[in-house]
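Working notes, beginning with the structure itself.
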Amino acid sequence: FEILLNSAGQARHSAALDTTTNDFDAVINVNTRGAYFLTQTVARDLVRHKRSGSIINISSQMAYVGGIERAVYCASKAAVEGFTKAMSIELGKHKIRINTICPTFILTPLTKKTFDDPAKKSWILEKIKLGRTGKIEDVMGAAVYLASDASNLVTGTSIMVDGGWTAD
């Protein structure tokens, strides 16, 4: 049994009308193209060696909701949701499960700039029903679950780790 936790990601935030083709390509190349072809490579190897596995793509709640200055990021993560569902249909017969985890805003060095902006931090906290931003540890439980035998009948779905953001 093999596991892939595919967590590469990139964001370049700008108003939709100000997005450059370079920023668009950079985000799509990492978040969608990179995730797709890494998933494909691992799945091909699993099929070739007749091994079962769990492929976990880190997506985002932003695949399901919009946000200011996040049009490209939202599009890239929505694409991850789409190919994950499609691949789960094809890979199921090979005993390969593929799912996504959709975190809310997680406090990391990469997101610090967003949290340092009082207006953006207020917007985020207003949306998260549990009243706090996410921590890396909040995502770990979902990853352990999807990597374990406890999720043997789970494929083609998303686990929201968003503090209730998408409950509206």
Side-chain angles (χ1 to χ4, degrees), residues 3-36 38-39 54-88 97-148 150-151 154-168:
I3 301 161
L4 166 64
L5 178 61
N6 187 4
S7 65
Q10 181 178 124
R12 294 191 181 180
H13 303 308
S14 65
L17 298 180
D18 296 331
T19 302
T20 67
T21 55
N22 285 343
D23 285 347
F24 181 93
D25 290 345
V27 172
I28 294 296
N29 281 340
V30 171
N31 295 0
T32 306
R33 183 185 176 111
Y36 184 97
L38 178 58
T39 299
S54 176
I55 297 173
I56 306 160
N57 289 316
I58 301 297
S59 179
S60 173
Q61 71 184 15
M62 300 307 281
Y64 292 89
V65 297
I68 55 170
E69 300 176 351
R70 284 167 171 75
V72 176
Y73 184 79
C74 291
S76 72
K77 293 301 187 172
V80 171
E81 293 297 314
F83 81 67
T84 295
K85 287 183 183 307
M87 285 186 180
S88 74
R97 297 181 288 111
I98 177 170
N99 296 284
T100 63
I101 298 172
C102 299
T104 189
F105 286 81
I106 304 296
L107 185 55
T108 68
L110 291 175
T111 61
K112 185 178 179 329
K113 183 177 175 184
T114 297
F115 288 112
D116 285 345
D117 180 323
K120 289 178 182 169
K121 183 175 182 178
S122 176
W123 173 71
I124 292 166
L125 291 175
E126 170 188 307
K127 297 287 191 179
I128 299 174
K129 308 311 179 272
L130 292 178
R132 69 170 177 84
T133 58
K135 300 178 288 191
I136 293 170
E137 294 82 2
D138 294 321
V139 180
M140 291 167 59
V144 169
Y145 169 69
L146 289 174
S148 76
S151 64
V154 178
T155 194
T157 196
S158 304
I159 296 180
M160 301 307 235
V161 182
D162 69 351
W165 185 306
T166 57
D168 285 343

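All values derive from a computational prediction rather than experimental measurement.
- In this structure, the side chain of D23 does not engage the main chain of T19 through any donor-acceptor pair within 3.5 Å.
- Minimum heavy-atom separation, S88 to T155: CB-OG1, 3.5 Å.
- Panel note: side chain N57, backbone T84; no donor-acceptor pair is recorded below 3.5 Å.
- Between the side chains of T32 and S76, no donor N or O sits under 3.5 Å from an acceptor N or O.
- Residues E81 and S59 share a closest heavy-atom pair of OE2-OG, 2.7 Å.
- For the atom pair NZ (K135) and OG1 (T108), the distance works out to 14.5 Å, reported to the nearest 0.5 Å.
- Panel note: side chain R12, backbone V72; no donor-acceptor pair is recorded below 3.5 Å.
- The aromatic ring centres of W165 and Y64 sit 6.0 Å or more apart.
- Of all heavy-atom pairs spanning A143 and I56, the tightest one is O-CD1, 3.8 Å.
- Checked by atom type and distance alone, the side chain of T39 pairs as donor or acceptor with a backbone atom of A35 at under 3.5 Å.
- The distance from atom NE2 of H13 to atom NZ of K113, rounded to the nearest 0.5 Å, is 9.0 Å.
- Taking every heavy atom of both residues into account, V27 and Q10 meet most closely at CG1-O, 3.7 Å.
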**Study point:** From CA spacing to verdict: side-chain contact (heavy atoms from CB on, under 4.5 Å), K85, T100
**Key:** CA-CA 9 Å; K85 287 183 183 307; T100 63; over 6 Å; no
Exercise for review: Given side-chain contact (heavy atoms from CB on, under 4.5 Å), test T114 with I124 step by step and report yes or no.
Suggested key: CA-CA 10 Å; T114 297; I124 292 166; 3.8 Å; yes
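- For F24, the CZ atom counts as loosely surrounded, since its 6.0 Å shell holds 12 or fewer non-hydrogen atoms of other residues, nucleotides or ligands.
- Remark: Y145 OH to S54 OG distance equals 10.0 Å, nearest 0.5 Å.
- Separation of atoms CZ (R33) and CD1 (I28) is listed at 11.5 Å; rounding is to 0.5 Å.
- With rounding to the nearest 0.5 angstrom, the CG atom of N6 is 4.5 Å from the CG atom of L38.
- Around NZ of K121, the count of heavy atoms belonging to other residues, nucleotides or ligands within 6.0 Å does not exceed 12.
- In this structure, the side chain of K129 engages the main chain of K127 through a donor-acceptor pair within 3.5 Å.
- The two residues D162 and T104 have their closest heavy-atom pair at CA-CB, 3.5 Å.
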Exercise for review: Give the intermediate values and the outcome of side-chain contact (heavy atoms from CB on, under 4.5 Å) for residues T111 and I106.
Suggested key: CA-CA 7 Å; T111 61; I106 304 296; 5.8 Å; no
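- Nearest approach of D138 to V161, heavy atoms of both residues: O-CG1, 3.4 Å.
- For Y36, the side chain to side chain donor-acceptor pair (under 3.5 Å) test picks out no residue, with sequence neighbours left out.
- Between the CD1 atom of I101 and the OG atom of S158 there is a distance of 10.0 Å, given to the nearest 0.5 Å.
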